[in-house]
Every structure is written in C-alpha cells, then in structure tokens.
Amino acid sequence: SWVIVDKYSKWYDYDKEEWANAVILRETSRDKKVGDIVTVPDTPEEIDSTDVLAMFVFIPRYEYTIGNTYGVRLEGGSNPSKATPGAIDIRFVSEREEKKNGSAKYTGETPSEWYTHPAFTFGDDELSGIWVGKFETSHTTLGKFNDDLNCIDENCENANGIRILPNIVSARYNDAENFFFISRSMSKEKNVFGIDANITNSHMMKNSEWGAVAYLSQSKYGKYGNDKEEVYINNCNKYITGIGADSVNASESEETCTNPKNKYNGESGVKASATGNIYGIYDMNGGSWEYVMGYLTTANITWGASENRNYNGFKEKPDDKYFDGYTGTTANTACKGSECKGHALGETSGWYSDAATFLTSNGPWIARCSYYSGAKNAGIFTYSNGTGNYRYYDTFRVVISPTTNF
C-alpha cells in the first residue's frame, strides 16, 4: 500500500533495489496530507488509491561504465554475452561533482571509461535526478483510445485527464506532438496536478532518459541485481498498464490482463518492473510501443509545413533540451559519428536479443520497448523507428525534472 512517510527518514534503499516512489494526489486530499511532516504514527496512514492521480519513481544522478562489451558479471550471474549481458557498473553522484566524459579512471580498480549519464543534464541545469512515470501514460476523460488529445501547445486543458496508474489502458493513437504538449501541460498553472513550473519541468520522456532507467535496471541496483535476468514482458493484449507475464518472453495473452498474479503487485507482475519488485518502473518491456523524444536531424523534416503531419505533427521544433537529436546512419554513429553514450542504442544494441532498428529518413522518430506481442524481440533495450505520426500501438511516458535543487 501507499503510505505517508516522514520525508527525512529512510523511505527508500537503492542498495536493496527499493527505488524512491511518490504520488500526486487529488487536490482535495493534497491539502490534508502534504506538508513538512516531521513525525508519523507508528502505524503509517495509508493513502486511498482513489486519491492518486499519478505515480512516479526517482532515478538518481549517476555515472556509469559498461566495463566491457556486454557488462560485468555479478555473483550468481552468467558470463556476459549479447544474449545474457552482465551488469552496468554505476556510481551515484552529486550534481556538484565534475562530469565524467570517458577520460576519468578510478584509482585502484581495473581501468574503465566512466561517463556521467546525459539524462541528468537538462538544458543549462545539472540535475540531482529525474522523476519518471511509473507506468505508461493513460487518459481518463477521453472516450476511445483513438480520440485526439488535441494538444498543440503548453496550455492544453486535456492534460487534466492524464493518469499514471496501474491496471488501466494506456493512451494511444496520437502523434508525438500531442504526447509532447500534453506532458508539458501537466505543469500548467492551476491544473489538477499542482506542479510548480518554477522549480520543476514536466515533459515527454527523451530517449536518453529512457536509457537512464534501462542502465539503472541493468545494474546491481535494479532488476539485474535482484535476479540476474531481463525485465519481464507486459504481454496483456488489452494494453493494460503494469501487467507482468509469467516468463520473460511470453507470447501475448488475454488471461494475464485480469489474473491477480500478473498485476503490478502480483508475484509475476513485479517481475515486469525495472527492479524486479514493486518499487520499480513498469511497462518498459511490451505493453505498448513508446514514442520518446528523439529523432534523426538529417531526415529533412520541415518544421511547420503542412506535409509535416506525415512525420510527427510538430508545427515548430521544440527547444533543444526536450529532445535528443541524432545525425548518423547507425546506432554506433548516431552522435556525430560516434556512439551516444547512455542512450541505450549502440552500447547495448541487441542485448537480450532485443530488436534494434535504427532511424531512417522515412522513420525518423524513436520508439522503444515493442508491444505485448513482441515476445523475444521486445525488451527494455529494444528500439525501432516510426514517423512520429498516429499509430494504434504507440503511447508515451512523462518525466518530471526538478530544475531547482534544494
């Protein structure tokens, strides 16, 4: 259950794969429950699930090294290979520490190239971490999955209908522009979420931010550290969030959509989180394909042109901090002729046999993880391309960046 905790106490433990979770409450409950709580009763007060609008999980700032081509073997794990990769080595760091770019080595250890993960640089801000939607995003006020979100700027009223919760159907069949602007509109003043846009920034997940979750999951702090295996697939053919199959690469199923053991808090369901337990992020293998903010800059997209609707719908290019731009023709040359470190592209391409199809001029937009019928091709390291236009199996994920560190 979700409970109110003393925020100054130890209510998370990444060494035990217990990532920090938080919820956004309805305003009527928020006033009663939110504040500088110094002490809590011996029996913590439970939060009524009907009061929750959205659930988020914190990814702390870190630097990483893959160590060798397929990661590092942890005790109990198999020898690393592309089909059974090892751990990504991670160190949590402060935003005040000097950034690593591959040149720094740690004294007394096997020399390795260490990199500060790029997801924690947001424009001019160096972040202490990011809050990531715990599930694929849903929308409660639209009648059908193919209803247009109708979000063309950062003042979209339909943002009030966003929900990030388990056991509901993900929002799909919209283009990247709708997904981007409804995410931005979550922090619109006086909407239902109460997010302060002066100190936080809500936006559609970037590809590098996807990579930050994937790498942490593949470390000793995530699912790999928990049980030395890949995140299980969400194989529910109804696009319901938070479902976990009974095996890593299970084929699509209708039964798992309703079976209690396959829900996010069930014995199989937790295997589909990025930690292998209830504290992680879900739907990063299967469920729906997820458009992320990343595109091929050489695809000759003419921002604002009417024919642009065939690609991603944007009438003008968003600020650079909201997307990752790629220039190469392969995942290994995506960033000015080299690997994009931390983006879960060239560095981890094909891990667990996950599908890896890079961007093209006709498919300039990145999509991640595949969907419920992806089986072995689906996974947290899966990537493919799309036009950025409307597809019935594409959804999105929200990230909140704390742009002011306290």
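Sequential numbering from 1 along the given sequence is applied to the chain's residues. Hydrogens, waters and symmetry mates are skipped; everything else that's a heavy atom, side chains included, is used.
Residues Leu53 and Phe193 meet the side-chain proximity criterion, which asks for heavy atoms closer than 4.5 Å. At least one side-chain heavy atom of Ile47 sits less than 4.5 Å from a side-chain heavy atom of Val23. Contact annotation: the side chain of Met205 never approaches that of Val398 to less than 4.5 Å [non-hydrogen atoms, C-beta and beyond]. Counting heavy atoms from C-beta on, the side chains of Ser217 and Val231 come closer than 4.5 Å. You'll find the side chain of Trp351 reaches within 4.5 Å of the side chain of Pro85, heavy atoms only. Residues Lys82 and Ser353 have side chains not in contact (no heavy-atom distance under 4.5 Å, counting atoms from C-beta outward).
Listed for the Ser373 side chain is no donor-acceptor partner under 3.5 Å among the backbone atoms of Glu252. Counting only distance, with no hydrogens or angles, the side chain of Asn174 and the backbone of Leu149 share a donor-acceptor pair below 3.5 Å. Put simply, the side chain of Ser384 never gets that close to the backbone of Ala367: no donor and acceptor are under 3.5 Å apart. Put simply, the side chain of Thr65 gets close to the backbone of Glu113: a donor and an acceptor are under 3.5 Å apart. Of the possible polar contacts, none joining the Ser219 side chain to the Asp89 backbone as a donor-acceptor pair under 3.5 Å is found. Here the side chain of Ser349 pairs no donor or acceptor atom with the backbone of Gly346 at under 3.5 angstrom. Remark: the backbone N or O of Ile182 is not paired with any side-chain donor or acceptor of Asn158 at under 3.5 angstrom. With hydrogens and angles ignored, the 3.5 Å screen pairs a side-chain donor or acceptor of Asn191 with a backbone N or O of Met186. In this structure a side-chain-to-backbone donor-acceptor pair under 3.5 Å is missing from Ser183 to Ser202. No donor-acceptor pair closer than 3.5 Å links the side chain of Ser185 to the backbone N or O of Lys188.
Taking the centre of each ring, Tyr264 and Phe135 come in below the 6.0 Å mark. Taking the six-membered ring for Trp, Tyr390 and Tyr173 have ring centres closer than 6.0 Å. Two rings, from Phe396 and Tyr291, have their centers 6.0 Å or more apart. Proximity of the aromatic rings of Phe180 and Tyr322 is defined here by a centroid distance below 6.0 angstrom, and this criterion is met. For Phe120 and Tyr62, the distance between ring centers is under 6.0 angstrom. The aromatic ring centres of Tyr12 and Tyr279 sit 6.0 Å or more apart.
Of the inter-residue distances, the one linking Glu290 atom CD with Thr137 atom OG1 reads 7.5 Å to the nearest 0.5 angstrom. One finds the SG atom of Cys369 at 7.5 Å from the CZ atom of Arg397 (value rounded to the nearest 0.5 Å). Atoms CG and OG, on Asn285 and Ser273 in that order, are 12.0 Å from each other to the nearest 0.5 Å. Atoms OG1 and CG, on Thr360 and Asn385 in that order, are 4.5 Å from each other to the nearest 0.5 Å. The OG1 atom of Thr382 lies 3.5 Å from the CG atom of Asp354; values are rounded to the nearest 0.5 Å. Within the model, atoms CD1 of Ile59 and CG of Leu127 stand 13.0 Å from one another, a figure rounded to the nearest 0.5 Å.
Between the side chains of Ser370 and Asn377, no donor-acceptor pair of N or O atoms lies under 3.5 Å. Between Lys134 and Asn21, the side chains place a donor N or O and an acceptor N or O closer than 3.5 Å (distance only, hydrogens not considered). Side chain to side chain, Thr330 and Asn332 fail the donor-acceptor criterion of an N or O pair below 3.5 Å. No side-chain donor-acceptor contact under 3.5 Å links Ser170 and Thr241. Between the side chains of Asp246 and Ser268, at least one donor N or O lies within less than 3.5 Å of an accepting N or O.
For Gly342 against Glu347, the heavy-atom pair with the smallest separation is N-OE1, 2.7 Å. Thr200 and Pro402 get closest at one heavy-atom pair: CG2-CA, 4.2 Å.
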**Request:** Quick one: do Thr403 and Asn201 satisfy side-chain hydrogen bond (donor to acceptor under 3.5 Å, both in side chains)? Show the steps, please.
**Result:** CA-CA 7 Å; Thr403 54; Asn201 183 294; over 6 Å; no

**Request:** Evaluate side chain to side chain contact (heavy atoms under 4.5 Å, CB included) for Leu165 paired with Val52, printing each intermediate quantity in order.
**Result:** CA-CA 8 Å; Leu165 300 170; Val52 179; 3.7 Å; yes

**Check against side chain to side chain contact (heavy atoms under 4.5 Å, CB included), Trp11 and Glu18** = CA-CA 9 Å; Trp11 50 279; Glu18 296 175 0; over 6 Å; no

**Prompt:** Going through the distances and angles, do Asn150 and Asn178 end up as a side-chain hydrogen bond (donor to acceptor under 3.5 Å, both in side chains)?
**Reply:** CA-CA 6 Å; Asn150 195 29; Asn178 270 319; over 6 Å; no

**Request:** List the steps, then state whether side chain to side chain contact (heavy atoms under 4.5 Å, CB included) holds for Asp324 with Met293.
**Result:** CA-CA 6 Å; Asp324 298 304; Met293 289 292 284; over 6 Å; no

**Verdict with supporting geometry, His203 and Glu209, side-chain hydrogen bond (donor to acceptor under 3.5 Å, both in side chains)** = CA-CA 11 Å; His203 56 272; Glu209 292 169 335; 2.9 Å; yes

**Request:** Determine, stepwise, if the pair Lys206 / Val399 fulfils side chain to side chain contact (heavy atoms under 4.5 Å, CB included).
**Result:** CA-CA 8 Å; Lys206 300 192 295 183; Val399 169; over 6 Å; no

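The cationic atom of Arg172 (NZ for Lys, CZ for Arg) lies less than 6.0 Å from the six-membered ring centre of Tyr239 and within 45° of the ring axis. Both tests hold for Arg91 against Trp114: distance to the six-membered ring centre under 6.0 Å, angle to the ring axis within 45°.
A salt bridge links Glu339 with Lys341; the closest basic N to acidic carboxylate O contact falls under 4.0 Å. One finds no salt bridge joining Glu17 and Lys223 here, because no Lys/Arg side-chain nitrogen approaches an Asp/Glu carboxylate oxygen to under 4.0 Å.
Ring geometry, Tyr295 versus Trp365: the interplanar angle falls under 30°, so the pair is classed parallel (tilted spans 30 to 60°). Ring pair Tyr383/Phe358 is perpendicular by interplanar angle, where above 60° counts as perpendicular and below 30° as parallel.
Evaluated for a side-chain contact (heavy atoms from CB on, under 4.5 Å) with Val248, the options Glu230, Lys271, Lys376 yield exactly one hit, Glu230. Evaluated for a side-chain hydrogen bond (donor to acceptor under 3.5 Å, both in side chains) with Thr121, the options Glu95, Glu126, Arg61, Lys321 yield exactly one hit, Glu126. Considering Ile88, Thr348, Ile380 in turn, Ile88 is the only one that fulfils the side-chain contact (heavy atoms from CB on, under 4.5 Å) rule with Gln218. Of the residues listed (Tyr326, Tyr215, Trp210), the one engaging His343 in a side-chain hydrogen bond (donor to acceptor under 3.5 Å, both in side chains) is Tyr326, and it is the only one.
The environment of Asp196 atom CG is dense: over 12 non-hydrogen atoms of other residues, nucleotides or ligands sit within 6.0 angstrom.
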